[in-house]
There are 2 protein chains.
Amino acid sequence: MNSSEFLKLENQLCFSLYASSRAITRMYRPFLEELGITYPQYLVLLVLWEQKESTVKELSEKLDLDSGTLTPMLKRMEAQKLLVRNRSQEDERVVLIRITEAGLALHDQALCIPQTLFAASGLSAEEIANFNAQLKRIITSVNASM
Amino acid sequence: MNSSEFLKLENQLCFSLYASSRAITRMYRPFLEELGITYPQYLVLLVLWEQKESTVKELSEKLDLDSGTLTPMLKRMEAQKLLVRNRSQEDERVVLIRITEAGLALHDQALCIPQTLFAASGLSAEEIANFNAQLKRIITSVNASM
DNA sequence: AGCAAATCGATTGTTCACAATATGACGGAG
DNA sequence: CTCCGTCATATTGTGAACAATCGATTTGCT
């Protein structure tokens, strides 16, 4: 593989990741739309379904999104009554995010979505597991070097 | 692997793709910033560096972006003198996109970017090639089913 | 020729994504 | 106790993404 071919390959890989990420949110969109949420909002809910309460900082770290993205998004979700935002009593810098009953109620409705998409994808569980492991290695390697 | 574990895995995989896509644009950003362009604009230039002239429709197909994304982006790039937009004479519905000298001039400056990022990534050429092949299989499989 | 359907791109409106900056709150050094 | 640096979040501004819709053109069918 010469240098020029390799550059093309790397560009292709980066493009593939970019394109596949958008393809996934497109796959989720019609299903999430029925719940009135978007894919990034679904990611927030995935966290809150597990631990019910979090902070902007914690969500920022887990989802790798900054406050400029999260603050307006969490406000929209609060307007939809999916969660509540409150300043912490102990440390007024911290904003606590707590899921509501309405937010919890979406969990049951959302459960079938990954199953449906998995079935539609035509991939095997093994392929997904292997690919996930490999992607994690790549991400770790890239992050470690920066 | 039980059902619940599997759902978590699929959610993880989708999130990993989403996060890695953003990580890549962040890696490119400081380098592309020196050229005054963004990652999606770089993708447009990758096409135009190869064929010099294209159309909105062709770019839309190659990059998997719709006119609502491309039209304003191409206008910004035209404002930067990187390309020109003109209605086709033969078919007035078609807008021809042609790269300018200034746009071509960025090619040389951009050449070193993938090399630099590759070196920084700590990955081997083989890992990248294998991963690229696997990602393409996944995308093909997912797209075929929709 | 004449009209319906398809094509191409632009527009509008909403939601991310993120850099840069601002604001207020905490916490430690002196 | 006070100043000062750090921390957590909010705000502003720019640039994607994309659904929905529109306007103009072309093509196909009768």
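Each chain gets a letter, A, B and so on, in the order its sequence line appears, and its residues count up from 1.
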With a 4.0 Å heavy-atom cut-off, tell me which residues in residues 91-99 of chain B come close to DNA chain D, sorted by residue number.
-> Asp91(B), Glu92(B), Arg93(B)

Can you sort out the partners of Lys81(A) under side-chain hydrogen bond (donor to acceptor under 3.5 Å, both in side chains), two or more places apart, ordered by chain and number?
-> none

Pairs touching residues 110-141 of chain A that satisfy ring-ring contact (aromatic ring centres under 6.0 Å, His included), sequence neighbours left out | Phe118(A)-Phe6(B), Phe131(A)-Phe131(B)

Take the C1' atoms of the five end pairs on each side of the helix from dA1(C)-dT30(D) to dG30(C)-dC1(D), derive the two axes, and give their angle rounded to 10 degrees.
-> 10°

Any donor-acceptor N or O pair under 3.5 Å, side chains Glu34(B), Gln109(B) | no

About how many Å separate CD of Gln134(B) and CG of Leu13(A), when rounded to the nearest 0.5 Å?
-> 11.5 Å

What's the shortest heavy-atom distance between Leu70(B) and Val56(B), and which atoms?
-> CD1-O, 3.8 Å

Output every pair passing salt bridge (charged side-chain N to carboxylate O under 4.0 Å, His left out) with a member in residues 97-110 of chain A, not counting sequence neighbours, ordered by first then second residue.
-> Glu53(A)-Arg98(A)

Nucleic acid contacts - residues 28-48 of chain B versus DNA chain D, non-hydrogen atoms under 4.0 Å | Thr38(B), Pro40(B), Gln41(B)

Calculate, to the nearest 0.5 Å, the distance between atoms CD and CG belonging to Gln41(B) and Leu48(B) respectively.
-> 11.5 Å

If you measure only the distance, is there a donor-acceptor pair under 3.5 Å linking the side chains of Lys75(A) and Gln80(A)?
-> no

Rounding to 0.5 Å, atoms CG (Leu7(B)) and CD1 (Ile113(A)) come to a distance of 11.0 Å

Can you check whether Tyr18(A) reaches Leu63(B) side chain to side chain, under 4.5 Å on heavy atoms?
-> no

Got a sec? Which of residues 80-87 of chain A come in under 4.0 Å of DNA chain D, heavy atoms?
-> Arg85(A), Arg87(A)

side-chain hydrogen bond (donor to acceptor under 3.5 Å, both in side chains) involving Arg85(B) - partner list, sequence neighbours excluded = Glu78(B)

Lys/Arg-Asp/Glu bridge criterion (N-O < 4.0 Å) met for Lys57(A), Asp66(A) = no

Applying salt bridge (charged side-chain N to carboxylate O under 4.0 Å, His left out), which residue pairs with at least one partner in residues 6-25 of chain B are found, sequence neighbours left out?
-> Glu50(A)-Lys8(B)

Would you grab the first and last nucleotide of DNA chain C (5' to 3') that comes under 4.0 Å of any non-hydrogen atom in chain A?
-> dT15(C) to dC26(C)

From SG (Cys14(B)) to OH (Tyr28(A)), nearest 0.5 Å | 3.5 Å

Does anything in residues 54-78 of chain B reach DNA chain C, meaning a heavy atom under 4.0 Å, and if so which residues?
-> Thr55(B), Val56(B), Lys57(B), Ser67(B), Gly68(B), Thr71(B), Lys75(B)

Heavy-atom closest contact (Ser16(B) atom, Leu135(A) atom, distance) | CB-CD2, 3.4 Å

To the nearest 0.5 Å, what is the distance between CG (Leu59(B)) and OG (Ser67(B))?
-> 12.0 Å

Would you list the pairs meeting ring-ring contact (aromatic ring centres under 6.0 Å, His included) in which at least one residue belongs to residues 74-110 of chain B, sequence neighbours left out?
-> Trp49(B)-His107(B)

